[in-house]
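All chains are named by letter (A, B, ...) in the order of the sequence lines, taking the proteins before the strands, and each is independently numbered beginning at 1.
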Amino acid sequence: MPSVDPRLRQIEEKWQARWTASELFKARADPSRPKYFVNVPYPYMNGYLHIGFGVTFLHADIMARFKRMRGHNVLFPQAFHCTGMPVLAAANLVAEGNPAQIKILADMGIPESEIPSFSDIQKWTRFFPDAARKDLASYGASVDWTRTFITTSLNPAYDRFVRWQFRKLRERGFVKTGKHPVIWCPKDQQPVADHDRYEGEGEIPVELTLLKFPWRGKFLVAATLRPETVFGQTNLWVDPDSTYVVARVDGEEWVMSRSAMEKLREQDRHVELLEEVRGELMVGGKCEAPMIHRQIPILPTRFIDQTKGTGIVTSVPSDAPDDWIALKTLREDAEYAHRHALNLDELRKIEPTPIIRMEGWGPLPAIEICEKLGIKSLDEREKLEKAKEDVYSSGFYRGVMLENCGRFAGMHVAEAKDEIKREMIQAGEASTLWEASGEVICRCRTRASVKVVSDQWFLAYGDPDWKKKTGDALSQMTLHPDTVRKQFEHVLGWLNDWACTHHAGLGTKLPWDERWVIESLSDSTIYMAYYTIAHLTANPALDPATLTDEVFNHVFLGEGSSEEASRISGRPVETIEEMRREFEYWYPFDLRHSGKDLVQNHMAFCLFNHTAMFPEKHWPRGFGVNGFVKIGHVRMSKSHGVALYLRDVIREHGADVVRLASAQGGEGLDDPSYDDEFAASAGKKLLSLIDYAKEHHETRGEWRELDAWFRSVLHRTIRLTAKAMEGMWHRTAIRLCYFDLQRQWTWYLKRCGGVPNADILREFLDVETRLITPFVPHAAEEIWEATGHKGFVSTAQYPEVDVSAINAAAEFAEEYMHQLVEDVREIIKVTGITPRRVTIFTAPAWKRRVYEMAVDISLRGKAEMGDFMREALQSPELKAKSKELAAFAQKILESMRKMAHENLELRRKTLDETAMLRESIKFLETELGCAVVVLDAEAPDIVDPKKKAGQSAPWKPAIFVE
RNA sequence: GCGAGGGUAGCCAAGCCUGGCCAAAGGCGAAGGACUCAAGAUCCUUUCCCGAAGGGGUUCCCAGGUUCAAAUCCUGGCCCUCGCACCA
């Protein structure tokens with residue numbers, strides 16, 4: 001891996017040191033200046049910063065730098081996030097000596113001897129924020145570090161802020177309590193979080209439907225994930241060799257497995273064991289199936305797993321591979337049937353009923369998939385699992401209920417599923433049972449189940465009034481890019497109550513019930529407000545305990561007086577007033593920028609909670625979103641092993657280059673790609689710009705048309721770049737002010753024989769430096785200093801557009817010159833001639849006359865050949881040329897038909913083509929490497945053996961190469 | 001399936017809203033040349049096909065349609081990416 005050019009590194013370190021020394025980015029309220037407050041979600045501190053965060057952060061930094069140059073007092077703070085499970089889990093893993101976790105740390109370059117210290121949570125919360133801060137500083141971040149902080153109760157001031165916020169939310173009715181299923185260890189009597197599991201990471205509670213089959217005054221209870229398949233029930237399965245229980249559940253007598261009864265106990269049901277019953281006893285009987293109300297036989301099978309569901313299964317052989325194979329086995333096993341006193345003829349009458357139609361499948365998908373996979377026996381568990389998975393997911397997403405499904409016929413399965421379940425529950429034919437989506441074993445080696453806790457706290461995002469208010473807030477916001485608006489609107493509608501407390505993890509305890517810890521996303525919704533006062537809360541001379549609710553109420557909500565808040569809290573009145581001033585000045589934030597993955601949770605929560613906590617004038621003004629970073633063409637992810645640490649890429653290429661490559665990778669909602677090859681080549685280009693600015697150049701004082709052209713380009717570039725910057729179209733801006741402008745400069749130099757006008761050179765360097773500052777601030781500072789400026793370009797004024805410099809005619813003329821060179825080259829290429837001389841024939845006076853007339857007539861409206869000729873023939877001069885006139889006019893009018901109005905206008909301007917060519921002969925000769933002659937096509941004595949001169953037209957001269 | 005965003009030359013990507021000098025910007029890669037003892041760097045040129053004259057042909061996921069004119073507008077397909085939660 002090539003390392004960054006030492007000169008670039010040196011430049012970066014030099015300017016970073018100077019920025020720090022001069023506290024350039026420290027921001028304090030200053031009512032005499034307009035403010036701009038920008039921030040990004042704090043990154044999570046379980047490792048070094050990734051390039052993905054780097055990209056998101058960069059867009060905010062670019063905006064901060066741009067606004068600073070536009071005269072704003074800019075606040076760009078940055079804190080670090082430690083709340084939640086990951087840090088805790090990682091520290092625990094280190095303590096246990098977990099090899100994978102130790103490898104992760106070792107791969108980060110942390111010395112082996114230091115790794116054991118990471119078993120302490122506080123090591124993480126100090127080490128990584130420190131590292132992140134250094135990484136960002138070396139990235140050229142224009143952050144006010146006086147306001148940095150970490151989250152969780154490890155930061156008592158922030159902790160008090162979160163507590164205040166939750167008390168307020170509760171007081172205002174935005175927090176509510178309710179039932180919630182959690183994976184639960186019956187031995188430990190507590191929830192089993194992912195990292196506390198011996199087995200079953202990622203498994204979640206799922207709700208099964210319990211179907212109730214009336215049988216001898218009791219109910220046989222079967223569990224299913226597919227209530228919509230009740231229309232295809234043919235029989236019921238029980239395990240004859242198992243013992244079931246009869247229990248009174250909420251007043252009814254249910255027959256089920258013992259484990260099912262125990263699960264129900266944890267789930268807020270009233271359960272009482274009555275007696276045991278052998279499965280064998282049920283076999284051979286009949287019971288009434290729910291929904292379809294038909295008598296179906298109770299049959300024996302051995303495929304039932306007593307730990308899952310209820311130990312009783314309803315049979316839908318059309319759509320459940322297990323059921324089909326079980327049925328088939330039973331029909332073929334006369335001995336088994338006989339043993340259970342079953343009538344084989346009766347069994348053979350049982351036929352699967354098609355109930356769901358799905359594209360790509362026949363009417364009986366279970367049978368189809370079993371045949372396809374060659375499943376013959378219930379012992380082929382793996383194949384059966386796959387078969388089930390296939391049928392289930394196809395059915396769920398693409399299935400439609402058939403005509404025999406009553407009022408659900410024609411409904412999509414995804415929709416029918418819930419409706420059917422609801423209807424059966426209402427009719428008393430069904431109930432529900434929570435179960436883990438897969439087996440979960442607690443660390444204590446106990447099998448976990450699902451418990452429904454009844455005191456779970458929620459943020460009431462499902463509340464219609466709150467949604468409405470949040471929608472209003474959204475409609476007033478600026479979004480970058482605006483295309484995310486639809487997504488936001490959709491998310492606001494879809495969000496439901498959010499479980500905002502946990503039993504484990506780092507964070508702030510729920511103020512009114514300290515058994516709970518506030519969940520990580522929930523405590524991070526309005527902390528942008530905290531940034532405005534963070535530097536004041538961090539004062540070590542003041543006890544954080546003086547940050548009472550009265551203080552926050554006054555500072556953030558303007559309630560009460562500062563004196564009163566001071567008296568109650570014991571916090572000096574001046575600091576309270578200063579906090580209030582900072583908040584009032586900076587809030588709301590103008591832009592919060594993040595990756596698009598946060599739209600549907602964090603960004604939406606942020607908006608919700610702002611409307612709950614603050615008056616309308618303090619609601620967020622703008623959100624920005626970018627895509628997921630790809631490394632080359634591969635999406636970055638830890639599991640794929642393609643993840644880059646910000647520090648590493650900076651070390652490799654240098655901060656400015658990484659910034660350029662990151663901002664250049666993509667804009668809008670596209671996933672930006674970080675292109676290493678681009679980064680590798682970008683440093684050279686940047687250095688050569690610095691060198692160019694530092695060198696002395698031969699200049700001239702004389703003013704040429706060409707200089708007007710370049711000024712036009714320069715000022716148009718300023719205008720377009722500034723517009724792109726405002727809309728956060730950063731890649732577009734880089735293209736305009738960096739790549740395009742420098743290319744134009746190269747052309748300009750070629751055109752004036754390498755000797756630029758002195759004023760133009762100065763203006764170019766001056767404007768270019770300021771335009772690129774937000775992207776490559778270190779290089780820009782270096783150039784700024786080298787070109788004799790005092791102070792920092794980081795705080796210089798953004799270039800202003802001189803509208804009078806923008807000159808479309810000059811740019812048209814230059815384009816013409818460019819086109820001419822291209823044309824000659826094309827001819828040389830096609831003919832293979834090595835040119836000794838190029839003759840350029842300009843159009844004769846009469847053609848120019850025709851051309852002008854054609855422009856006029858085209859500008860007026862549809863240019864008809866007839867009208868044109870009538871007009872042209874009135875001129876005696878043209879009448880004399882009538883033969884050539886018609887052909888020429890035809891061609892000209894044709895070409896003009898496709899031109900936009902402004903293009904036509906330009907052609908009407910009286911630019912002197914011949915004079916331009918004559919002035920440019922030297923340039924053309926260097927460019928083409930041979931002699932160049934410019935002649936009037938109808939001048940006497942021309943040398944034109946190939947009869948090319950006749951092709952000449954205005955702005956399209958004839959060319960003869962020899 | 002639902003919601004959102006996409007499909008443009010070897011790759012990345014602009015253009016699409018507001019149809020017309022669009023064979024379609026720019027970057028990367030590649031090829032040739034200049035410079036150099038040489039390499040690197042830099043600069044120049046080329047990079048859909050055909051062409052000994054600036055031209056012609058076929059293109060912007062596919063199939064239709066609207067229009068004098070479609071990468072751009074409309075209809076219908078196909079394909080890709082992300083999200084679908086109580087987790088950062």
Side-chain angles (χ1 to χ4, degrees), chain A residues 41 43-46 81 83-87 180-182 193-194 202 204-205 393-400 412-415 456 458-459 461 481 483-491 493-502 505 519-522 524 596-602 627-628 630 632-633 635 664-673 675-682 684-685 687-688 731-732 734-736 739-740 743 746 750 815 819-820 822-833 862 895-900 903 927 929 946 948 951 956-961:
Chain A
Y44 198 74
M45 288 293 109
N46 62 341
H81 198 199
T83 312
M85 298 296 182
V87 161
H180 192 65
V182 291
D194 254 358
I204 52 162
S393 65
S394 303
F396 183 71
Y397 292 129
R398 283 182 276 155
V400 176
H412 284 282
V413 167
E415 189 187 354
Q456 172 69 49
F458 294 90
L459 286 167
Y461 295 145
T483 35
V484 286
R485 191 174 296 280
K486 277 194 214 157
Q487 178 135 2
F488 266 114
E489 283 164 358
H490 178 252
V491 166
W494 159 89
L495 263 177
N496 215 329
D497 297 347
W498 179 265
C500 62
T501 52
H502 273 178
E519 176 270 332
S520 162
L521 286 170
S522 305
S524 308
K596 68 180 174 189
D597 48 334
L598 297 191
V599 167
Q600 61 193 317
N601 43 57
H602 168 73
F628 299 118
K630 292 179 292 182
H633 308 163
R635 190 183 160 196
Q664 213 270 149
E667 62 192 0
L669 280 184
D670 294 345
D671 292 343
S673 63
D675 184 348
D676 223 50
E677 277 179 350
F678 172 83
S681 68
K684 292 161 199 156
K685 188 176 168 68
L687 265 176
S688 75
R731 188 184 46 203
T732 300
I734 289 179
R735 195 196 78 219
L736 289 165
F739 294 105
D740 288 357
R743 196 156 11 86
T746 307
K750 276 205 313 202
E815 229 165 80
Q819 188 58 50
L820 180 64
E822 297 254 296
D823 281 351
V824 176
R825 282 215 176 106
E826 169 108 18
I827 292 166
I828 292 170
K829 186 184 131 205
V830 171
T831 59
I833 298 171
K862 248 196 171 159
S895 75
M896 285 184 183
R897 195 161 302 150
K898 286 187 176 176
M899 281 183 199
N903 268 326
E927 198 63 13
K946 294 246 174 173
K948 296 289 173 194
Q951 292 175 10
K956 188 82 182 168
I959 298 163
F960 172 53
V961 179

*Would you give the length of the straight line joining atom CG of A:Asn496 to atom CZ of A:Phe458, rounded to the nearest 0.5 angstrom?*
9.0 Å
*If you round to the nearest 0.5 Å, how far is CZ of A:Phe739 from CZ of A:Arg731?*
11.0 Å
Whole-Å distance separating the [atom1] atom of [X] from the [atom2] atom of [N]:
| X | N | atom1 | atom2 | result |
| --- | --- | --- | --- | --- |
| A:Leu687 | B:U42 | CG | P | 10 Å |
| A:His81 | B:C87 | NE2 | P | 14 Å |
| A:Leu598 | B:A85 | CG | P | 16 Å |
| A:Asn601 | B:A85 | CG | P | 12 Å |
| A:Arg825 | B:U47 | CZ | C1' | 15 Å |
| A:His412 | B:C2 | NE2 | P | 7 Å |
| A:Met85 | B:C86 | CE | C1' | 11 Å |
| A:Gln600 | B:A85 | CD | C1' | 7 Å |

*Map A:Asp497 and A:Lys750 onto RNA chain B by nearest heavy atom, then report which one ends up closer to the 5' terminus.*
A:Lys750
Which heavy-atom pair separates [X] from [Y] by the least distance, and what is that distance?
| X | Y | result |
| --- | --- | --- |
| A:Ser522 | A:Cys500 | OG-CB, 3.2 Å |
| A:Leu495 | A:Gln600 | CD2-O, 4.1 Å |
| A:His602 | A:Leu521 | CB-CD2, 4.3 Å |
| A:Tyr461 | A:Asp497 | N-OD1, 3.5 Å |
| A:Val491 | A:Val599 | CG1-O, 4.1 Å |

_If you apply the rule side-chain contact (heavy atoms from CB on, under 4.5 Å), what do you find for A:Lys596 with A:Gln487, and how did you get there?_
CA-CA 10 Å; A:Lys596 68 180 174 189; A:Gln487 178 135 2; over 6 Å; no
Please determine, for [N], whether a Watson-Crick or G-U wobble partner exists with both distances under 3.5 Å, and give it or none.
| N | value |
| --- | --- |
| B:U75 | B:A63 |
| B:C84 | B:G1 |
| B:A52 | none |
| B:A14 | none |
| B:A24 | none |
| B:A30 | B:U46 |

[N] to [M] separation - [atom1] atoms, rounded to the nearest Å:
| N | M | atom1 | answer |
| --- | --- | --- | --- |
| B:C44 | B:C48 | C1' | 23 Å |
| B:C2 | B:U75 | C1' | 23 Å |
| B:A41 | B:C87 | C1' | 50 Å |
| B:C79 | B:G57 | C1' | 29 Å |
| B:G10 | B:C60 | P | 13 Å |
| B:G3 | B:A71 | C1' | 27 Å |
| B:C84 | B:C68 | C1' | 48 Å |
| B:C73 | B:G20 | C1' | 14 Å |

[X] near the nucleic acid: base, sugar-phosphate alone, or nothing, with a heavy-atom cut-off under 4.0 Å?
| X | answer |
| --- | --- |
| A:Thr746 | sugar-phosphate |
| A:Asp597 | nothing |
| A:His490 | sugar-phosphate |
| A:Ile828 | nothing |
| A:His602 | nothing |

*Kindly write out the residues that satisfy side chain to side chain contact (heavy atoms under 4.5 Å, CB included) with A:Ile828, not counting sequence neighbours, or none if the list is empty.*
A:Val824, A:Pro835, A:Val961
*Before giving the answer on side-chain contact (heavy atoms from CB on, under 4.5 Å), spell out for A:Glu519 and A:Thr501 the whole-Å C-alpha distance, their side-chain angles and the decisive distance to 0.1 Å.*
CA-CA 5 Å; A:Glu519 176 270 332; A:Thr501 52; 5.8 Å; no
*Is it true that atom NZ of A:Lys486 has more than 12 heavy atoms of other residues, nucleotides or ligands lying nearer than 6.0 Å?*
no
Would you tabulate the pairs of protein nitrogen or oxygen atoms and nucleotide nitrogen or oxygen atoms of nucleotides 26-28 of chain B closer than 3.5 angstrom?
{"residue": "B:C28", "atom": "O2'", "partner": "A:Glu677", "partner atom": "OE1", "Å": "3.0"}

_Taking the minimum atom-to-atom distance to the side chain of A:Lys486, which one of B:A4, B:A14, B:U45 wins?_
B:A4
Find every protein N or O atom lying less than 3.5 Å from an N or O atom of nucleotides 50-58 of chain B, and list the pairs.
{"residue": "B:G51", "atom": "N1", "partner": "A:Glu826", "partner atom": "OE2", "Å": "3.3"}
{"residue": "B:A52", "atom": "O4'", "partner": "A:Val830", "partner atom": "O", "Å": "3.1"}
{"residue": "B:A53", "atom": "O2'", "partner": "A:Lys948", "partner atom": "NZ", "Å": "3.3"}
{"residue": "B:A53", "atom": "N6", "partner": "A:Val961", "partner atom": "O", "Å": "2.8"}
{"residue": "B:A53", "atom": "N1", "partner": "A:Val961", "partner atom": "N", "Å": "3.0"}
{"residue": "B:G54", "atom": "O2'", "partner": "A:Asp823", "partner atom": "OD1", "Å": "2.7"}
{"residue": "B:G54", "atom": "O6", "partner": "A:Gln951", "partner atom": "OE1", "Å": "2.6"}
{"residue": "B:G54", "atom": "O6", "partner": "A:Ile959", "partner atom": "N", "Å": "3.4"}
{"residue": "B:G54", "atom": "N1", "partner": "A:Pro957", "partner atom": "O", "Å": "2.9"}
{"residue": "B:G54", "atom": "N2", "partner": "A:Asp823", "partner atom": "OD2", "Å": "3.4"}
{"residue": "B:G54", "atom": "N2", "partner": "A:Pro957", "partner atom": "O", "Å": "2.9"}

*asked:* Measuring only between side-chain heavy atoms, which start at C-beta, is A:His81 closer than 4.5 Å to A:Ser520?
replied: yes
